[in-house]
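Report on the following structure.
Residue numbering restarts at 1 for every chain, and letters A, B, ... go by the order of the sequence lines.
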2 protein chains.
Amino acid sequence: MAITIKDVAKEANVSPSTVSRVIADNPRISEETKIRVREAMEKLGYHPNFTARSLAVKSTATIGIVMPFSASHVLQDPFFPEVIRGISVQAREHKYGMYLSTAGTEEEIFEEVVGMVQGRRVDGLILLYSRTDDRVIKYLQKIDFPFAVIGRPVLGAERVIHVDNDNIYITKVVTEYLIGLGHTNIAFIGFDGDFVFMLDRLEGYKQALSESGIPFNEDYIVHKSTLSKGKEAIKSFLRSVESPTALVCTDDFIAIELMSHFEEMNIRVPEDVSIASFNNVLLAQYSKPALTSVDIDIFQLGMQGASCLLEKIKDPNVLPKRITIPAKLIERKSCAQIK
Amino acid sequence: MAITIKDVAKEANVSPSTVSRVIADNPRISEETKIRVREAMEKLGYHPNFTARSLAVKSTATIGIVMPFSASHVLQDPFFPEVIRGISVQAREHKYGMYLSTAGTEEEIFEEVVGMVQGRRVDGLILLYSRTDDRVIKYLQKIDFPFAVIGRPVLGAERVIHVDNDNIYITKVVTEYLIGLGHTNIAFIGFDGDFVFMLDRLEGYKQALSESGIPFNEDYIVHKSTLSKGKEAIKSFLRSVESPTALVCTDDFIAIELMSHFEEMNIRVPEDVSIASFNNVLLAQYSKPALTSVDIDIFQLGMQGASCLLEKIKDPNVLPKRITIPAKLIERKSCAQIK
DNA sequence: GTGAAAGCGCTAACAA
DNA sequence: TTGTTAGCGCTTTCAC
C-alpha cells in the first residue's frame, strides 16, 4: 500500500491534519514542524493522493477538452494539436490537468459531457467546436457549469464565454482583397456540416460581395465533399454558368488539394484562378504557388479559451465575455490581378 | 449539493449499499428492488460521483497520455491527432478516459509523470515517444506501473510493452528501392534529437547501403535544422563532395519543405533528385510531384498501444510484448531511375 | 436479498 | 500553533 498522510504524520510525530496543512503551506504552521514534516515526506517518498483530495475539496483541478472527432477528419490540419498546446500552457500555469473527450456523434459527445460533468471528473469544460443549435451548450448553461467555447455559439452567445476570430470580418477582408484584384466571379468552398465558423465565413463573403454590388450566386457556394467526388466534379464546377476566377477556401488543406487537381487539369494558379484560404498552416508557404492564407492564431484561441475558463472556475461570478483573436491575411503567391 | 447515493437510497427505501449494488448490477439483488432503485435514480437525476468511486476502488478508469511537446513542434504533422484517435477508440471501448500530459523538457515530463502516477490520477500510461536513455521509462519500470510505449525503448525493450513499426526494416526497403533505381549517392535527412525511430531509420539506411556494397558517407547524414538554415545550406549540401541524387527523408513535411526550396533552385524532383519519405500524410499525394512515402499506420500504433496497456491494467501478470505495425512504402512520383 | 458499518486518503471546522 | 473529529460519496466486508 502506498504512503499516506498518516504514515507521514506518524513519522514526523504530528497529526494528519498538520501534514495536510504543510502540504497546503498553511502559514499558521511553524517553520520547524514544516521542515520536520517535509523531511518525513521526503524520507517516505510521499505523494498526495489526488483522488482523495478531489473528493474532500470537491474540485478536480482538471479541465475537460471536448473534441469532436467527426470534425477532426475535416480538421486534419494542425488545428487540434495547436489549440491544445495553447490550452496546455494555461492549464500548466494554473496547475490544472487536461482530460480529453473524443467522441464522434453528437449523441456520444453529449453523453461524454454529461458523464464528465455529473461524475465530477472535471471542474470546467472547453469546447473545441461550435455548431448551430448545440445541445451540449444548452445543457451546460442550464446546470450552470463553467465552460468556454472556441468559436461562436450561435444562440445566446451573450451568455457564454467564448473566444473566436471575427470570421465575418476577416472573410470580408479576404473577399474584398480578391475583389480589389478585379475578381467578380468568386466562389466559396466550405466544409459540410453546420459549424458556425463556416457560416460566419460565408456571411463575410456575402457581405463583401453585397457591398461591392456583386450579385450573390448560390452556385458559387460549394462544399468540400462535392469537390472530393473527383476531378469530374471540379471540372463541371469550373465550367458551370460562369466559371469562377477566384476561390475563397475555408481551409488550407482543401486549397492545397484543389491546387493539386488544378495542376493536372492544366489550370494555373494564380493566372487562371486565384485562391485565398484559411488557417495558414506551416505548409501553406511551401505549396506551389505559396498560398495566400488567413492566420487565425490557433494557439491564442486555445490559450485564451483556457484562460477564460480558469477565470470562471476560480470565480463563478465572472461575467460572460467574448474574446476576439485577431486574424491576419498573409499575402503570398496564390492570388493575382485578373487579366 | 448534488444527488448522492444516499438520496437515492432514501427515495427507494433501501440502504445505500443496495443502491451501490444496483449500480454494479450485482446479481444478488432482486429484480424488483433493482427496478425500484433505478426509478429513483432516474427520478432524482442521479449520476455516480467518479472521484468517490475511484477512491473507494483504487482505480481511476483513465489512462494517461504523455506527449512531449518539444517533439511535437517537430511532429507537426497529423501524427499526434491520429495516434490519439487510435487510443481513444480503445479507451472508449473499455470505458476508460484519457488524461493528457503535455510537457516540454525532459524534466517537466518526468515531473508530470510522477505526479500522475503517485497522485493516482491514472491507471496506466502510454508514452508517445521514445528517446534513448529515458528516465521516465526507468522510473515506471522500477515501480512496476503499467505503461506502454509507442516506439522502441532502447534499453531493456524486452521488458516493456511497446508497439512500433519495424523502422530498420522499412527504411532498408526504402533505401533499397532507391538503390534499385540506380542511386548510390543517397542522403539521409533526419530530425535533431535522440528519438529512437530516427536512429532505427538511420540504421536501416546504413544496412541497405552496406548490403549493396555502397560505402557509408557521414556527410550524407543531415539534420533538418541544418537545412532549415536556408537555401544556402541546402545548396552547399547539394554541392558537397558528390552531390546526392536521392534523399531518404524521415518526415513528409521535411520532404515537402525541401521540395519547395528545390523548385526555387531549379532542381527538379525526381529528375535531378529522388525523394522518399515517411508518414504518408494526407498531403503527400497532393504535393508536386506526389510524394513517395512510407505509410506507418499511425492510427494502429495508437490503437494497439492502448489495447496492450489496457490488457496490462486489467491483468498485471500479462507478459511484456512488442507489437509491430506493418509499414508500407507507397510509391508515387517523387522517385525516378537515375539517368 | 439486504442493511450496518468501516474505510479509501484527504480536508476543514472546531477545540485546545 | 496543533490535534480531534467529522465528513467528501462510494464500495465492501460481515451480519442478519
Show every donor-acceptor pair shorter than 3.5 Å between a side-chain atom in residues 136-147 of chain A and any protein atom, with sequence neighbours excluded, or say none if there are none.
| residue | atom | partner | partner atom | Å |
| --- | --- | --- | --- | --- |
| K138(A) | NZ | D133(A) | OD1 | 2.7 |
| Y139(A) | OH | Q118(A) | NE2 | 3.0 |

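Summary of helix geometry: the two end axes of the helix from dG1(C)-dC16(D) to dA16(C)-dT1(D), each defined by five base pairs via their C1' atoms, are inclined to each other by 40° (rounded to 10°).
Considering only side-chain atoms of T18(B), the nucleotide from dT2(D), dT2(C), dT11(C) that sits closest is dT2(C). Taking every side-chain heavy atom of Y46(A) into account, dC10(C) is the closest of dC14(D), dC10(C), dG9(D).
Counting to the nearest Å, the C1' atom of dA12(C) and the CD1 atom of I23(A) are 14 Å from each other. The separation between M41(B) atom CE and dC10(D) atom C1' is 14 Å, rounded to whole Å. Distance, D25(A) CG to dT11(C) C1': 16 Å, rounded to whole Å.
Under the 4.0 Å criterion applied to side-chain N and carboxylate O atoms, K43(A) and E11(A) are assigned as salt-bridge partners. Of the charged side-chain nitrogens involved, at least one lies within less than 4.0 Å of a carboxylate oxygen, so that D25(A) and R38(A) count as a salt-bridged pair.
Nearest-nucleotide assignment on DNA chain D puts the 5′-proximal partner with P27(A), out of P27(A) and V57(B).
The phosphate of dG9(C) (OP1 or OP2) has no side-chain N or O of R120(B) nearer than 4.0 angstrom. Phosphate proximity of dG3(D) to S15(A): present, with a side-chain N or O under 4.0 Å from OP1 or OP2. Using a 4.0 Å cut-off, some side-chain N or O of T33(A) falls inside it from OP1 or OP2 of dT2(D). Between K58(B) and dG9(C) there is a side-chain N or O to OP1 or OP2 distance below 4.0 Å. Neither OP1 nor OP2 of dT1(D) sits under 4.0 Å from any side-chain N or O of R28(A).
If you check every strand for non-hydrogen atoms under 4.0 Å, F50(A) touches nothing. Nucleic acid contact class of S17(B) (heavy atoms, under 4.0 Å, all strands): base. Residue S20(B) is in base contact, counting any heavy-atom pair closer than 4.0 Å across all strands shown. Using a 4.0 Å heavy-atom criterion, one finds that V14(B) contacts the sugar-phosphate atoms exclusively.
Atoms CD1 and CE, from I63(A) and M116(A) in turn, are 9.5 Å apart once rounded to the nearest 0.5 Å.
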